[in-house]
Amino acid sequence: MQATTQLIHSIPVDPLTGAISVPIYQTSTFVQDAPGVNKGYDYARSGNPTRATLESLVAQLEGGSTGVAFASGLAAIDAVIKLLQSGDEIIAVDDIYGGAFRLFEQVYRKFGITVNYVDTTNLETVFNALTPKTKLIWIETPTNPTLKITDIQGIAKIAKAHGCLLCVDNTFASPALQKPLSLGADLVIHSGTKYLGGHSDLIAGVVVAADPELGQKIKFLQNASGAILGPFDSWLLIRGIETLHLRIRQHCASAQAIAAFLEHHPAVDKVFYPGLATHPGHSIAAKQAKGFGGIVSFTLKNDTQAAATAFVTSTGLFKLAESLGGIKSLVSHPATMTHKSIPEEKRKSAGVSDSLIRLSAGLEDTEDLLDDLRQALDGLVKFNNSAVPAIAETEKAY
Ligand SMILES: *Cc1c(COP(=O)(O)O)cnc(C)c1O
């Protein structure tokens with residue numbers, strides 16, 4: 001049986017009523033027959049049947065032993081970092097998600113957990129960064145927003161030899177394209193807010209562990225710290241996952257067409273998309289993933305924030321917003337939005353230049369998306385720097 005068929009039918013029909021959709025158990029507690037004698041649930045922070053269905057679904061989707069659902073992607077990341085203790089070190093991908101950078105630097109550093117950010121596309125660099133205190137390697141592939149590709153299997157070998165954990169933030173690829181646990185990673189996290197949910201209508205996160213013992217440690221932290229996903233959002237996430245494979249196929253097809261179009265437009269400088277043969281990570285991406293994803297980034301020949309502002313305010317179908325992976329196409333300007341909390345020098349050295357624009361291809365017709373980009377880029381050719389208002393500064397890194 002194919003994975004998509006298996007996935008759809010692994011969501012159980014309700015044994016009590018025959019309901020074909022998973023019931024939403026909107027309850028805080030469960031009545032017990034005698035102290036400690038119950039039907040598998042006692043208090044809804046510790047366990048909820050709707051959440052449990054989601055958790056086993058994501059475990060199956062990623063090929064892991066244990067799935068654990070959280071109130072956001074950042075809460076999922078937070079749970080993984082809580083496996084560590086003071087004095088431990090993390091090696092992390094250098095163009096890491098801005099919110100993870102803020103969590104590492106402004107929360108965990110003061111508890112004595114330090115992070116060394118390196119170019120994880122180079123295995124030797126990662127190997128050389130190891131110290132006896134390295135307990136965790138943290139990668140994203142593709143990265144946000146320059147879509148750098150890291151060899152998951154190569155990093156997994158380094159982690160295993162060193163006796164440290166490898167966690168992959170698989171948000172950008174989604175398990176429809178890439179399964180890091182099958183390539184040797186110990187943990188996978190997701191912002192379920194993005195492709196898993198797929199409809200821009202919830203905030204959620206998941207952790208999936210390969211090893212059941214490690215999975216139980218994450219489950220313990222979920223209950224101990226309490227950042228659980230509620231039953232309604234668990235249901236929404238299940239509903240999103242049901243169409244994941246179908247959606248991802250269309251996201252990928254549009255993104256590939258957009259990347260090819262941008263490469264030949266005179267206002268565009270560089271295009272970042274792992275599906276382009278010219279992308280430095282193309283062959284590794286082709287080897288470890290079934291597709292290249294729905295995100296395309298590019299820079300403008302006029303490499304200024306003002307030119308980028310002119311572009312992101314002149315698209316019609318591509319809505320200017322944080323986030324990605326939903327049915328509506330989105331455009332964002334990382335330098336002033338998602339990557340605002342990363343110091344300018346670090347941001348630029350990670351390839352996030354002033355004019356870098358990130359697109360999330362939605363589920364609209366591909367030709368309509370190309371038309372929208374064409375009119376916005378053609379407008380730029382006549383662009384005059386001084387006519388454009390600055391993007392309002394925001395303090396948050398979403
Ligand atoms: C959005 C995102 C997160 C954080 O997820 P939230 O659900 O917003 O907390 C983490 N990693 C990546 C790659 C993301 O895109």
Side-chain angles (χ1 to χ4, degrees), residues 54 58 62 68-82 90 92-108 115 117 120 136 138-150 152 167-175 177-178 180 185 187-208 222 225 227-230 233-234 236-237 240-241 248 251 255 272 274 289 293-297 321-326 330-334 337-342 350 352 356 358-361 394 396-398:
L54 166 69
V58 293
E62 285 288 5
V68 193
F70 291 90
S72 68
L74 271 173
I77 296 172
D78 182 72
V80 173
I81 306 310
K82 282 178 176 149
I90 302 169
V93 57
D94 53 6
D95 54 349
I96 192 167
Y97 174 70
F101 180 78
R102 178 178 53 198
L103 178 67
F104 293 171
E105 293 309 306
Q106 295 186 43
V107 180
Y108 280 105
V115 186
Y117 303 91
T120 57
L136 174 65
W138 188 279
I139 61 171
E140 293 171 30
T141 181
T143 58
N144 175 30
T146 58
L147 306 167
K148 285 204 250 169
I149 302 296
T150 289
I152 299 173
C167 182
V168 179
D169 181 338
N170 204 27
T171 301
F172 268 47
S174 96
L177 298 180
Q178 174 174 285
L187 293 157
V188 164
I189 77 103
H190 277 278
S191 169
T193 313
K194 317 292 169 52
Y195 287 110
L196 294 185
H199 294 72
S200 304
D201 55 7
L202 87 158
I203 298 283
V206 300
V207 179
V208 179
Q222 177 197 39
S225 289
I228 53 157
L229 191 65
D233 285 346
S234 294
L236 269 180
L237 197 48
I241 289 170
I248 289 288
H251 288 305
F272 303 89
I295 308 298
V296 182
S297 296
E322 311 278 352
S323 203
L324 56 110
L330 299 178
V331 58
S332 76
H333 182 229
M337 295 166 77
T338 47
H339 285 56
K340 182 85 181 73
S341 66
I342 298 181
V352 185
L356 187 96
R358 185 187 79 189
L359 302 174
S360 169
T394 160
K396 296 182 198 162
Y398 287 92

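Just so you know, ligand 1 is whichever comes first in the structure, and atom 1 is the first atom listed for that ligand.
- Atoms of ligand 1 lying under 4.0 Å from any heavy atom of D169, numbered from 1 in the order shown and given with element: 10 (C), 11 (N), 12 (C), 13 (C).
- For ligand 1, one of its N or O atoms has an N or O atom of G73 under 3.5 Å away.
- Remark: A79 engages F70 in a side chain to side chain contact (heavy atoms under 4.5 Å, CB included) (not counting sequence neighbours).
- With values rounded to the nearest 0.5 angstrom, I295 atom CD1 is found 4.5 Å from L324 atom CG.
- To the nearest 0.5 Å, atom OG1 of residue T146 and atom CG of residue D94 are 8.0 Å apart.
- Below 4.0 Å from some heavy atom of A204 lie the following atoms of ligand 1, by number and element: 7 (O).
- In summary, the atoms of ligand 1 found under 4.0 Å from a heavy atom of S72, numbered by their order in the structure, are 7 (O), 9 (O).
- Residue A76 places every heavy atom at 4.0 Å or more from ligand 1.
- Against a heavy-atom cut-off of under 4.0 Å, T193 is close to the following atoms of ligand 1: 6 (P), 7 (O).
- Considering backbone and side-chain atoms alike, K194 places an N or O below 3.5 Å from some N or O of ligand 1.
- The shortest side-chain heavy-atom distance between L356 and P145 falls under the 4.5 Å cut-off.
- By the criterion of a heavy-atom distance under 4.0 Å, both the backbone and the side chain of L74 are placed next to ligand 1.
- Q178 is linked by a side-chain hydrogen bond (donor to acceptor under 3.5 Å, both in side chains) to N170, counting only residues two or more places apart in sequence or in another chain.
- Checked by atom type and distance alone, the side chain of T141 pairs as donor or acceptor with a backbone atom of T150 at under 3.5 Å.
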